[in-house]
J.: 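Dropping the structure in here first, questions after.
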Amino acid sequence: MNAAAADDDDEDRMVDVMSPEVPEEIRQAVLARNAPDATLWRCPRRSGLRGPLSWLGIGQRRVIIEWWLLSADGELIEAFWLT
């Protein structure tokens, strides 16, 4: 990954559904929707705090990638994520 890509890794960005970074389960679900002119977006989100002291605001967060399928008009068709 180059420096520019690393800087954008925590930003929402459009991706090609056939990109190797798209998990196979997500790719298959998107392709099954068969939405013409739709775009797929990679949207990193931080999880809630985890750990024994999370109630104190201390803990770890993980990044969860949401995958948004948007229509040509920018409307959300469906959101996907892996658990």
J.: What residue pairs, at least two apart or across chains, pass salt bridge (charged side-chain N to carboxylate O under 4.0 Å, His left out) with a residue in residues 23-41?
T.: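 Output for this query lists Glu24-Arg27, Arg33-Glu78.
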J.: Among Ile65, Asp12, Asp10, find the one that has a side-chain contact (heavy atoms from CB on, under 4.5 Å) with Arg45.
T.: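 So the option named by the test is Asp12.
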J.: Do you reckon Phe80 sits in the same ILVMFWY cluster as Leu76, going by side-chain contacts under 4.5 Å, direct or chained?
T.: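 No, Phe80 and Leu76 fall in different hydrophobic clusters.
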J.: Rounded to the nearest 0.5 Å, what's the gap from CZ on Arg42 to CD on Glu11? Could you check?
T.: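 Interatomic distance, Arg42 CZ to Glu11 CD, rounded to 0.5 Å: 10.5 Å.
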J.: Determine whether Leu82 and Trp41 fall in the same hydrophobic cluster, where Ile, Leu, Val, Met, Phe, Trp and Tyr are linked whenever their side-chain heavy atoms lie under 4.5 Å apart.
T.: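 Each belongs to a different hydrophobic cluster.
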J.: Does Met14 share a hydrophobic cluster with Trp81, counting links as ILVMFWY side-chain heavy atoms below 4.5 Å and allowing steps through other members?
T.: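 No.
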J.: What is the distance from atom CD1 of Ile26 to atom CG of Leu31, rounded to the nearest 0.5 Å?
T.: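 Ile26 CD1 to Leu31 CG: 11.5 Å, rounded to 0.5 Å.
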J.: Checking Asp73 side chain against Glu75 main chain: does a donor-acceptor pair fall under 3.5 Å?
T.: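 No, the answer is negative, given that no donor and acceptor are paired below the 3.5 Å cut-off.
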J.: Is there a path from Leu40 to Leu70 through hydrophobic residues (I, L, V, M, F, W, Y) whose side chains come within less than 4.5 Å of each other?
T.: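 Per the 4.5 Å side-chain linkage, Leu40 and Leu70 are not co-clustered.
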J.: Going hydrophobic residue to hydrophobic residue with side-chain gaps under 4.5 angstrom, can you get from Ile77 over to Trp68?
T.: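 No; tracing contacts between hydrophobic side chains, which count when under 4.5 Å, never links both residues.
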